[in-house]
Trainee: 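Here it is, the structure in full.
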Amino acid sequence: MDYNFKEVENKWQAYWRRNKIYQVSVDHKKPKFYVLDMFPYPSGAGLHVGHPLGYIASDIYARYKRLKGFNVLHPMGYDAYGLPAEQYAIQTGTHPAITTEKNISRYREQLDKIGFSFDWDREVRTSDPDYYKWTQWTFIQLFNSWYNLKTNKASRIALLKAEFALFGNGHIKAACSETPTFTAEEWVDMDERQQQQILMNYRLAYLADTMVNWCPDLGTVLANDEVSEGLSVRGGHRVERKSMKQWLLRITAYADRLLDGLDTIDWSESLKDIQRNWIGRSEGGSMLFAVEGSTETIEVFTTRPDTIFGATFMVLAPEHERVKTLTTSSQQAEIDRYIQRTKNRSERERMAEVKKVSGAFTGSYAINPFNGEKLPVWIADYVLMGYGTGAIMAVPAHDSRDFAFARHFNLPIIQVVSRKGESPSDPAGWEESYDSKEGVLINAGFITGLSVKEAISKVIDAATEKGIGTKRINYRLRDAIFSRQRYWGEPFPIYYKDGMPYVLDEKMLPLELPKVDAYLPTETGEPPLARAINWNTAEGYPIETNTMPGFAGSSGYYLRYMDPKNKAEYFSKEANDYWQQVDLYIGGAEHATGHLIYARFWNMFLFDLGLACKPEPFQKLINQGMIQGRSSLVYRVNVEKMAEYLLWEELRDGKMGVSFVRDFRDGHRKFDFFSPEARLVIEVKRQHSLEKLAHPYEAYCQKKGYKLLLIPLRDFIDEMDGIRTRISDAVKGKPVKAFIEKESLKSYLAFVSKNYPGREQFSDPLHVDISLVHNDILDTEAFRQWQPHLAEAVFILENDKYVCGWEVEKMSKSKYNVQNPDELIDRYGADTLRMYEMFLGPLEQSKPWDTQGIEGVFRFIRKFWRLFHNENNELNISDDKAGKAELKVLHRTIRKVEEDNERFSFNTAVSAFMICVNELTDLKCNKREVLEPLTILLSPFAPHLAEEMWSLLGHFQSVVLQSFPAWDEEMMTENTFSYPVSFNGKTRFRIELPVGMDIKAIEETTLATEECKKWTEGKQVKKIIVVPQRIINIVV
RNA sequence: GCCCGAGUGGUGGAAUUGGUAGACACGAAGGACUUAAAAUCCUUUGGCCAUUGCGGUCGUGCCGGUUCGAGUCCGGCCUCGGGUACCA
């Protein structure tokens, strides 16, 4: 054994822990750098190789920054609340805290083995009262705040109350729910309860009746980002729309700032796009339509006011409150039927029927304010109550949904926009609506001839003047539902007095999660906390029984890491001023519309309060790609099919010298194969069937004068050559026994190697555990022992090997393709795992996990070790001065690795190390002058090996505490450059020229060479392009 | 449907600003060392043609363009992956 990674890795992990090497504290002498991984949820399954990918990258970067002289904050903790532990509690009665604790220790054990540089003294857990105290505290601040649109930031509710008492709410501009205007007198006259109800409309954390995503199977509501395609993201349970009283966070108040903030942060464009789409800002106008024969009006939101002359009908959402009053008696039955139908559909059904056009006519007509046209008012569920005003003016000519609706119900279509140079056409002949983003208005009254852009503002201006419309901005983003009907989450610091919610005094925090006798809802359908005994304040007021959602605790955890032990504050001003914000955040893109929006909102709110010093929490963010599984496949043989296939391959096209037919009928008998020339019958069956058939068949064939061969199926597996010999002998007329008594094969469970001819014809793929397969070769013995029914399996090999097929798919237990890092660490060590995960490819790209290449990294690690040792594995380091070639290798590597680290290109950095060690090995370099800086350089990637080598080099201080070596341009400069010479862009030969040579001289020297003459022969040189130290291109 | 991202050898990938396509690694084939195995080392390895050597030719999903020169830029298309979905 040359390099004993097990011993070395254990030794240094213990050393780091004992000496708290990774502990950091505020140090104003050094610049700070904050590297953070996304908060993991410790699931029962533990880590698979996909999880640590991001952790390894951030760890390398954190270690690199440390060597570069930064004071690096690199903490880790756990998002410990979560559904799986609670579901387990419901099933087994085990308290989720116990399950969570167990999972965390398993996680920690796995993390420790990989050699991360986390400062574990800063660990936080969302379920720890010392931590969730501050989650609850922040909720109180949200409750006590409102959003002032004049200052564009959050402000205290107390100030708002003072304003109300002095001036009423008329002049207040707030992000709030719909609230009637009142005067100061009216405010003062209101009783406590009425005042509280008004204030609720303003609070950033507020209680309201809302349509929620109710998941009956999980017994709780879910946020929009926890639902995908009408199913819960976790577990895939069905979700219904239901109206319930819920806590909400007024995140919509921050929509614009969340959008604008994206321009100030260094995230991938695709991630920013996802957030932009999710926030979904659209500018347009709102417009009031009068209703014929009524004083009522309908307000619509539109992004295209310019198309108002093309509006031919209106559509309201079925839940729209005006539907009742607008429906005429003759239409009542139809409207009722439609509303009933849409109500009973689940979210998923509704989505599945998107393509189906449906709706009902109310009987009323609205009036187009610009041309007085009557517009029939319909209801349809393609208009959503939750967006805009829940009503639209339908412009079928220029909107695909309106178009489909108009076609279905035979409503008129009028074109009002035409692209430049195109003449309008008859909409009756259209197959789809006309795209009108660019163009000129036609048939459009006072805006005819204007461009779309001009017309939009002209119509808004005209509507404003008439007092029937305004410019308006709408967002797709909804307020975040913050209640969960669950046990395992933060309790709300809320109690109820006269049915109105009040916050607990901050001194009462943390409000600890109570004990309950079961983790299920009560019989009356209340959340599990309703089971808690004495869940009241000291005064006897009942405490809120909902708990907070998963994103509550993870929205501000990165701030707590700055000052995790603080008893008096969320975090101290000093700590926040120093650490400021996360400089590098690494995690998966799946959090784009959840955690990453909520955390930004949370942080902006704390910024408004003056607590966080930066508005954005995560300055730079990298999404590591997903690691997909690489499944291995074996091919189970259908033996009958295989035998017929293989035999036919032998017999067809006269290969045996005579022709055969398949499925030959002779009277009422049928034989598998028959050769009329050789008068030979061949029958293929299982051994025991042949035993029964042997006598009657032999008798029959004797009578007919046929020769007979009965071939058992097992021969196709182990006696293929024997079959060939028997048939060819029979064809040649040699005497061959029709039937040979044999022991029957017990199992017909056969597996055929991937490249066996005809395999596709007679086998089916089957997943096999990847631990039984190495480099696509199946360990057949291990396979037999894998599952009891495989014990008798037989294999059809190629080149004495069983080659498996493979497929890239999601890593999952059922596909037997989950790679657990512990196994790899056991076999190759943590340093190899770390480097291999990086070597796999660019950090942000998704890639399949495949252990095939890991040997290469393992070899590199041992090769690095051998640089320091002689053939007898004795330490052998020279103090001689390094030669020019050696220094060149070193300095080139330093530069490359530094550049690659800076741009997070760790895969190419690993390559650079390999090239370096290959070259130094060739140079037989064992000079301290080279190996010392190289060891530091390598330490972020392979910290254990580096630490060991560093101590073998005679140092007593950890390599972690050293400085990153500097590279020297001069060490790398060459005097000559080998130019590729190309003709019309095709490289033909190379020429070695001095670096400083001027272009003229280069041209002349090149043209004078023999090789050049060969290529220019008979042609005229038109032009020569010389790019110094790059290429020479000759145009002929 | 819409919005992103990606297509390079048998495989993972490299080519950072338009300048030698295939670095590095795996796998495969052949060889050395060894009683043998492991480990290690050496040679070959994009396709086709030629092969005694020199070499020739095509080639970065497809079609076209810009350029002395395109994996890289532009236009059109195809395939795969991610996000989102009656958002007016």
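Here is how names work: the chains are called A, B, and so on, in the same order as the sequence lines, proteins then strands, and each is numbered from 1.
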Trainee: For the base of B/U11, is there a side-chain donor-acceptor partner from A/Lys847 under 3.5 Å away?
Mentor: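 Absent.
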Trainee: Taking the P atom in each of B/C58 and B/U8, what is the distance between them to the nearest angstrom?
Mentor: 22 Å
Trainee: Measure the distance from CZ on A/Phe906 to C1' on B/U16 and round it to the nearest whole Å.
Mentor: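 Whole-Å distance recorded here is 15 Å.
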Trainee: Does B/G9 adopt a syn or an anti glycosidic conformation, taking syn as a chi angle within 90° of 0?
Mentor: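 Syn, which is what one calls it when the glycosidic angle falls within 90° of 0.
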Trainee: Taking A/Asp399 for its side chain and A/Arg401 for its backbone only, find out whether a donor-acceptor pair lies under 3.5 Å.
Mentor: yes
Trainee: Among A/Val49, A/Leu824, A/Ile770, whose side-chain contact (heavy atoms from CB on, under 4.5 Å) with A/Thr851 holds?
Mentor: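 Single side-chain contact (heavy atoms from CB on, under 4.5 Å) partner of A/Thr851 among A/Val49, A/Leu824, A/Ile770: A/Leu824.
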Trainee: Of the listed nucleotides (B/G12, B/A85, B/A88), which one gets closest to any side-chain atom of A/Phe301?
Mentor: B/A88
Trainee: Pick out which of A/Ile274, A/Ile622, A/Leu596, A/Asp273 makes a side-chain contact (heavy atoms from CB on, under 4.5 Å) with A/Trp267.
Mentor: A/Leu596
Trainee: Base, sugar-phosphate or nothing for A/Glu269? Non-hydrogen atoms, less than 4.0 Å.
Mentor: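 No contact.
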Trainee: Could you tell me how far apart A/Asp381 (CG) and B/A85 (C1') are, to the nearest whole angstrom?
Mentor: 14 Å
Trainee: Students often get this wrong, so: under 4.0 angstrom with heavy atoms, is A/Ile274 touching a base, only sugar-phosphate, or nothing?
Mentor: sugar-phosphate
Trainee: Return whichever of A/Asp273 or A/Lys356 has its heavy-atom-nearest nucleotide of RNA chain B closer to the 5' end.
Mentor: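 Mapping each residue to its closest nucleotide by heavy atoms, the 5'-most match is A/Asp273.
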Trainee: Are A/Phe313 and A/Phe405 an aromatic pair, judged by ring center distance below 6.0 Å?
Mentor: yes
Trainee: Roughly how far, to the nearest 0.5 Å, is CD of A/Glu837 from CG of A/Leu53?
Mentor: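 So the CG of A/Leu53 and the CD of A/Glu837 are separated by 5.5 Å.
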Trainee: Quick one: A/Ile279 CD1 to B/G83 P, roughly how many Å, whole number?
Mentor: 18 Å
Trainee: Among A/Arg866, A/Lys863, A/Arg859, exactly one meets side-chain contact (heavy atoms from CB on, under 4.5 Å) together with A/Val917. Which residue is that?
Mentor: A/Lys863
Trainee: Would you mind reading off the distance between A/Phe858 atom CZ and B/U40 atom P, rounded to a whole angstrom?
Mentor: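 Going from A/Phe858 (CZ) to B/U40 (P), I get 9 Å.
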Trainee: Tell me whether the centres of the aromatic rings in A/Phe858 and A/Phe860 are closer together than 6.0 Å.
Mentor: no
Trainee: A/Leu596 CG to B/G82 C1': how many Å, rounded?
Mentor: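 About 15 Å, once rounded to whole Å.
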Trainee: Check the distance between B/G13's P and A/Glu844's CD and give it to me in whole angstrom.
Mentor: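 After rounding, the reported distance stands at 14 Å.
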Trainee: Looking only at atom C1', what distance separates B/U40 and B/C33, rounded to whole Å?
Mentor: 9 Å
Trainee: If the P atom of B/C2 is compared with that of B/G69, how far apart are they to the nearest Å?
Mentor: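 Roughly 36 Å separates the two P atoms.
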Trainee: Between B/A85 and B/G47, how far apart are the two C1' atoms, rounded to whole Å?
Mentor: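 Per the computed distance, 45 Å lies between those C1' atoms.
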Trainee: To the nearest Å, give me how far apart CZ (A/Phe913) and P (B/G13) are.
Mentor: 21 Å
Trainee: Using the criterion of both pairing distances under 3.5 Å for Watson-Crick and G-U wobble pairs, give all stems of 3 or more consecutive pairs involving RNA chain B.
Mentor: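 Looking at RNA chain B, the stems formed by three or more consecutive pairs are B:1-7 with B:78-84, B:10-12 with B:24-26, B:27-32 with B:40-45, B:46-49 with B:55-58, B:61-65 with B:73-77.
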Trainee: Any idea how A/His595 and A/His591 line up, ring-wise: parallel (<30°), tilted (30 to 60°), or perpendicular (>60°)?
Mentor: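 Geometry flag for A/His591 against A/His595: perpendicular rings.
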Trainee: Provide the distance between the two C1' atoms, one in B/A23 and one in B/G30, to the nearest whole Å.
Mentor: 24 Å
Trainee: Using the C1' atom on both, measure B/A15 against B/G71 and round to a whole Å.
Mentor: 9 Å
Trainee: Looking across every strand, which nucleic acid part, if any, lies under 4.0 Å from A/Arg478 by heavy atom: base, sugar-phosphate, or nothing?
Mentor: base
Trainee: So, is A/Arg862 close to the B/U40 phosphate, meaning a side-chain N or O under 4.0 Å from OP1 or OP2?
Mentor: yes
Trainee: Assign A/Arg276 to base, sugar-phosphate, or nothing according to its heavy-atom contacts below 4.0 angstrom with the strands shown.
Mentor: nothing
Trainee: If we take the C1' atom in both B/U60 and B/A70, what is their distance in whole Å?
Mentor: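 Nearest-Å result for B/U60 against B/A70 at atom C1': 11 Å.
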Trainee: Can you tell me, in whole Å, how much space there is between the C1' of B/C77 and that of B/G7?
Mentor: 14 Å
Trainee: Under 4.0 Å from OP1 or OP2 of B/G13: is there any side-chain N or O of A/Gln845 that close?
Mentor: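 Affirmative; the distance criterion is met.
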Trainee: A/Trp849 and A/Tyr836: aromatic ring centres closer than 6.0 Å?
Mentor: yes
Trainee: Does A/Leu259 offer a backbone N or O that forms a donor-acceptor pair with the side chain of A/Arg276 under 3.5 Å?
Mentor: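 Such a contact is absent between A/Arg276 side chain and A/Leu259 backbone.
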Trainee: Which nucleotide in the set B/A85, B/A88, B/C4 lies at the smallest distance from any side-chain heavy atom of A/Trp278?
Mentor: B/A85
Trainee: For A/Ser905, which contact category applies under a 4.0 Å heavy-atom criterion: base, sugar-phosphate, or nothing?
Mentor: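 Nothing, no nucleic acid heavy atom in range.
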Trainee: Take nucleotides 17-27 of chain B nucleotide by nucleotide from the 5' end and write B, S or -, depending on whether a protein heavy atom sits under 4.0 Å from the base, only from the sugar-phosphate, or from neither.
Mentor: --BBS-BBSSS
Trainee: Measure CZ/A/Arg401 against P/B/C2 and give the value in whole Å, please.
Mentor: 13 Å
Trainee: Return the 5'-most residue of the pair A/Ser358, A/Thr921 with respect to RNA chain B, ranking by each residue's nearest nucleotide.
Mentor: A/Thr921
Trainee: Determine whether the aromatic ring centres of A/Phe5 and A/Tyr828 lie less than 6.0 Å apart.
Mentor: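 For A/Phe5 and A/Tyr828, the ring centres are not under 6.0 Å apart.
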Trainee: Side chain of A/Pro842: nearest nucleotide among B/G13, B/A39, B/C4?
Mentor: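 Nearest listed nucleotide: B/G13.
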Trainee: Nearest 0.5 Å please: distance from the CD1 atom of A/Ile1034 over to the CD atom of A/Glu1003.
Mentor: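 Rounded to the nearest 0.5 Å, the CD1-CD separation comes to 9.0 Å.
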